[in-house]
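Quick notes on the structure that follows.
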Amino acid sequence: MNKSYILKLQKLCYGLKVLYVEDDENISKQVHRILNRIFDHIDIEVDGKSGLEKYEEHNHDIVITDLSMPIINGIVMSHKIKQKNKDQMIIVTSAHNEMKYMSKLIDIGVNKFIYKPINLKNILEVLAKTSIKILKDKKKKIKHNVCAINNPTVIIDGNKIKHANESFKKYFLKDSDGDVCEFRLSCMFKDK
């Protein structure tokens, strides 16, 4: 991977938060150096229990976890995280071909699996694809929220309009004090 690719990835990942959970200190240092060149917020933990606690403290965009760890393993931690946030992006790493765990990881909803030793090109590609998906999902949510803002919305309590957004006021209300009787479509609400 050349320097320009890493710079592009760094721009792409700006503002994304990563939780990295790994019990092997040497691997953790190696991967941390890679992550540190790309992300501006990285939390590192050494076991699934502390990883889960850190996850509950912060809103991470990406969780990268080892599979075999003390106290709580990566499978249990991933499962608990997905219970809290089914859309959480989780990448699992393992030194062994853990085929016996693959069906569990798929059922949990883990997004990617990376074999150790971690190859620089492989992890950068996985991080790029994962980050692109996260950013696309965030863009969809923003677009959805903007559309919701433009939709006419009203809250009615008894015979009074308690709140009406600007779109509702523009299309449905005359200049009034918020009385439902003044509502242009009042026939829809008669005797209700």
Side-chain angles (χ1 to χ4, degrees), residues 1-139 141:
M1 288 286 140
N2 61 24
K3 213 174 202 177
S4 68
Y5 183 84
I6 291 176
L7 288 173
K8 286 178 187 177
L9 189 55
Q10 192 178 43
K11 287 179 185 178
L12 175 73
C13 298
Y14 179 79
L16 296 181
K17 296 179 186 176
V18 175
L19 171 61
Y20 179 52
V21 187
E22 170 63 63
D23 62 323
D24 185 305
E25 188 177 344
N26 292 328
I27 295 171
S28 182
K29 285 180 183 178
Q30 173 194 0
V31 174
H32 182 255
R33 278 194 298 272
I34 296 167
L35 296 175
N36 202 37
R37 291 184 68 191
I38 300 165
F39 299 97
D40 50 301
H41 181 102
I42 306 157
D43 289 315
I44 298 177
E45 296 298 332
V46 296
D47 62 65
K49 182 177 185 268
S50 60
L52 192 57
E53 289 168 356
K54 184 64 76 172
Y55 179 80
E56 290 173 354
E57 288 176 26
H58 299 282
N59 185 18
H60 295 93
D61 298 288
I62 301 171
V63 174
I64 305 170
T65 182
D66 185 21
L67 196 56
S68 302
M69 294 183 296
I71 306 173
I72 295 177
N73 68 28
I75 294 173
V76 173
M77 186 187 81
S78 296
H79 179 70
K80 289 182 183 224
I81 288 173
K82 284 286 191 172
Q83 285 179 323
K84 294 177 185 307
N85 178 5
K86 66 179 176 60
D87 298 323
Q88 179 63 56
M89 297 299 284
I90 299 177
I91 300 168
V92 172
T93 63
S94 180
H96 307 287
N97 184 347
E98 306 277 358
M99 289 307 288
K100 61 185 177 182
Y101 299 119
M102 289 305 269
S103 64
K104 283 184 181 179
L105 294 170
I106 291 168
D107 289 343
I108 290 169
V110 167
N111 303 90
K112 298 286 182 183
F113 190 89
I114 299 176
Y115 292 107
K116 294 178 187 175
I118 294 175
N119 174 294
L120 179 62
K121 182 180 177 188
N122 187 25
I123 192 168
L124 291 178
E125 286 176 6
V126 167
L127 291 172
K129 289 177 182 176
T130 302
S131 298
I132 288 168
K133 178 165 178 13
I134 290 168
L135 294 172
K136 283 182 178 178
D137 290 347
K138 283 185 177 189
K139 190 174 180 180
K141 284 181 184 176

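Remember, predicted model here, so these are calculated numbers, not experimental data.
- The line from CD1 of I134 to CE of M89 is 5.5 Å long, rounded to the nearest 0.5 Å.
- Residues L127 and C13 fail the side-chain proximity criterion, which asks for heavy atoms closer than 4.5 Å.
- By the neighbour-count criterion of 12 heavy atoms within 6.0 Å, atom CG of N59 is sparsely surrounded, having that number or fewer from other residues, nucleotides or ligands.
- The backbone N or O of V126 sits nowhere less than 3.5 Å from a side-chain atom of K112 that would complete a donor-acceptor pair.
- Separation of atoms CG (L19) and CE (M77) is listed at 6.0 Å; rounding is to 0.5 Å.
- With hydrogens and angles ignored, the 3.5 Å screen pairs no side-chain donor or acceptor of D66 with any backbone N or O of M69.
- Distance check, rounded to the nearest 0.5 Å: OG of S131 to CG of L9 gives 6.0 Å.
- Residues Q30 and N26 are not in side-chain contact: their nearest non-hydrogen atoms beyond the backbone lie 4.5 Å or more apart.
- Classification of E125 and K129 as a salt-bridged pair fails, no side-chain N sitting under 4.0 Å from a carboxylate O.
- The environment of NZ in K82 is crowded: more than 12 heavy-atom neighbours from other residues, nucleotides or ligands sit within 6.0 Å.
- Looking at heavy atoms from C-beta onward, K8 lies out of side-chain contact with L12 at the 4.5 angstrom threshold.
- When all heavy atoms are compared, the tightest approach of T65 to G74 is OG1-CA, 3.9 Å.
- Here the side chains of Y55 and N85 are in contact, with some heavy-atom distance below 4.5 Å.
- Heavy atoms only, all atoms of each residue included: Q88 and H60 are closest at OE1-O, 3.0 Å.
- Minimum heavy-atom separation, N119 to N122: OD1-N, 2.9 Å.
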| said: Is there a side chain to side chain contact (heavy atoms under 4.5 Å, CB included) between L105 and I90? Walk through the geometry before answering. | reply: CA-CA 10 Å; L105 294 170; I90 299 177; over 6 Å; no
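- When side chains are defined from C-beta on, K104 does not count as touching H79, because their heavy atoms never get closer than 4.5 Å.
- In this structure, the separation between OG on S50 and CD1 on I44 is 11.5 Å, given to the nearest 0.5 Å.
- Listed by first and then second residue, the side-chain hydrogen bond (donor to acceptor under 3.5 Å, both in side chains) pairs involving residues 11-25 are E22-K116, E25-K29 (not counting sequence neighbours).
- Proximity of a side-chain donor or acceptor of N111 to a complementary backbone N or O of I91 within less than 3.5 Å is not detected.
- The shortest side-chain heavy-atom distance between V31 and I118 falls under the 4.5 Å cut-off.
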| query | Run the side chain to side chain contact (heavy atoms under 4.5 Å, CB included) check on L52 and I81 step by step: do they pass? | reply | CA-CA 7 Å; L52 192 57; I81 288 173; 3.7 Å; yes
| message | Determine whether D43 and H41 satisfy the following criterion, side chain to side chain contact (heavy atoms under 4.5 Å, CB included), listing intermediate values before the conclusion. | response | CA-CA 7 Å; D43 289 315; H41 181 102; 3.1 Å; yes
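- In terms of heavy atoms, G51 sits closest to V21 at CA-CG2, 3.9 Å.
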| said: With side chain to side chain contact (heavy atoms under 4.5 Å, CB included) as the criterion, how do E45 and E53 come out once you've worked through the C-alpha distance, each side chain's angles and the decisive distance to 0.1 Å? | reply: CA-CA 10 Å; E45 296 298 332; E53 289 168 356; over 6 Å; no
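- I62 CD1 to T130 OG1: the interatomic distance, rounded to the nearest 0.5 Å, is 5.5 Å.
- For K49, the NZ atom is loosely surrounded, since the number of other residues' heavy atoms within 6.0 Å does not exceed 12.
- Residue I75 holds its CD1 atom at 4.5 Å from CG of L67, rounded to the nearest 0.5 Å.
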